[in-house]
Amino acid sequence: GLGVLQRAMAALGAYRCIECNGEATELYRDYQRGVLRISICKSCQKPVDKYIEYDPVIILINAVLCKAQAYRHILFNTKINIHGKLCVFCLLCEAYLRWLQLQDSSQNTDPDDLIRYAREWDFYRMFGIASLEQTSFFIGIFITLWWMTPEMLKRKSDFILLLKALLLSTYGKLLLIPAVIWEHDYTPLCLAFIKVFVLISNSQAIRVTLNLNRILPWFAIFFGLILENGVVCLFQKMGWDV
């Protein structure tokens, strides 16, 4: 159960204080018969992780508000392995949005073209383009961080943890679907806000994972966007609709 998981993670030294990011050997002490006592951090003298008592909905709200404590709880003190599935689903949302925009941009009303619209190739192509753009964005971030703070990314596990954090922090792309379903005059503005929210989440994920200041993650995101836009320009030169 939860106690077995806690002992296993404690053996690996995987726990972090959500307040000061200091290492901790345990999140709570179990005194049996339902009596639990939250551990106190030796560095900041605050509870190591107050979120272990919170409802998941409250934790989600705090994550949406981009609170560093909520991000540390999710990344360091829980065993969440949905980052891969979440990434694929977010890419599907983005591909679907682009596919709809591609159909709307066509002015050909020939009924025979309905067959062409129904082809899955356009959707798969958009999924592939979205995947390549996100990959280039992440590569730009990794290159920048490795160049500016090589001591932070010495081990393979550091890269894996940062990648997991970036994938989880793209959850804002799930809002693309309701933005399209409830289409109105402000849809382009909503899409722009979603993009900004995802970038803010990415920045917070980098900051929490590597324990950096607020400026360096934005530098990494800036260079990631440059590389991503470079890939977009390449596709456009090839004559592809992106």
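Heads up: numbering here begins at 1 and tracks the sequence. The model shown is predicted, which means the values in this text are computed figures rather than measured ones.
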Report the hydrophobic cluster partners of I160, with the cluster defined as I, L, V, M, F, W, Y residues connected by side-chain heavy atoms closer than 4.5 angstrom, directly or transitively. none
pair L75-I80: side-chain heavy atoms closer than 4.5 Å: no
Which residues share a ring-ring contact (aromatic ring centres under 6.0 Å, His included) with F222, sequence neighbours left out: none
For residues C66 and I200, determine if any side-chain heavy atom of one lies less than 4.5 Å from a side-chain heavy atom of the other. yes
Salt bridge (Lys or Arg N to Asp or Glu O under 4.0 Å) pairs, two or more places apart, involving residues 195-204: K195-E228
Please list all pairs passing the side-chain hydrogen bond (donor to acceptor under 3.5 Å, both in side chains) test where one or both residues lie in residues 136-149, with sequence neighbours left out. none
Contacts of Q45 that satisfy side chain to side chain contact (heavy atoms under 4.5 Å, CB included) - sequence neighbours left out: I40
Interatomic distance, OG@S169 vs NZ@K164, rounded to 0.5 Å, equals 12.5 Å
Heavy-atom closest contact (L163 atom, F138 atom, distance): CD1-CD1, 4.0 Å
What's the separation between atom CG in L212 and atom CE in M148, rounded to the nearest 0.5 Å? 10.0 Å
Hydrophobic clusters join Ile, Leu, Val, Met, Phe, Trp and Tyr when side-chain heavy atoms are under 4.5 Å apart, directly or via other members; which others share one with I61? V57, L65
Can you name the residues that form a salt bridge (charged side-chain N to carboxylate O under 4.0 Å, His left out) with R155, not counting sequence neighbours? D158
Closest non-hydrogen atoms of Y71 and A63, given as atom of the first, atom of the second and distance, are CE1-O, 3.5 Å
What pairs of residues pass the side-chain hydrogen bond (donor to acceptor under 3.5 Å, both in side chains) test when at least one of them lies in residues 48-62, not counting sequence neighbours? D49-H73, D49-N77, Y51-N62, N62-K67
Going by salt bridge (Lys or Arg N to Asp or Glu O under 4.0 Å), name the pairs with one or both residues in residues 167-176, residues two or more places apart or in two chains. E94-K173
Heavy-atom pair with the smallest gap, counting every atom of C87 and L167: SG-CD2, 3.6 Å
Does T209 have any side chain to side chain donor-acceptor pair (under 3.5 Å) partners at least two apart in sequence or in another chain, and if so, which? none
Are side-chain N/O atoms of Q69 and R72 paired as donor and acceptor at under 3.5 Å? no
For residues A70 and I59, report the shortest heavy-atom separation together with the two atoms involved. CB-O, 4.2 Å
Note: F76 and N21 closest approach over all heavy atoms is CE1-OD1, 3.8 Å
How would you list, by chain and number, every residue that makes a side chain to side chain donor-acceptor pair (under 3.5 Å) with R214, sequence neighbours excluded? none
Please say whether more than 12 non-hydrogen atoms of neighbouring residues, nucleotides or ligands are located less than 6.0 Å from CZ in F197. yes
Is there a side-chain contact (heavy atoms from CB on, under 4.5 Å) between L216 and L210? Walk through the geometry before answering. CA-CA 10 Å; L216 188 54; L210 302 181; over 6 Å; no
Locate the shortest heavy-atom distance separating E19 from P47; write the atom from each residue and the value. CG-O, 4.2 Å
Output for pair (E133 CD, L234 CG), nearest 0.5 Å, gives 10.5 Å
Residues at least two apart in sequence or cross-chain that pass ring-ring contact (aromatic ring centres under 6.0 Å, His included) with F142, listed by chain then number, are F159
Drop me the distance from M126's CE to L100's CG, to the nearest 0.5 angstrom. 10.5 Å
Is there a side-chain contact between F89 and L174, using heavy atoms and a 4.5 Å cut-off? yes
I would like to know whether L91 and F127 meet side-chain contact (heavy atoms from CB on, under 4.5 Å); could you show each step before the answer? CA-CA 6 Å; L91 288 174; F127 180 82; 3.5 Å; yes
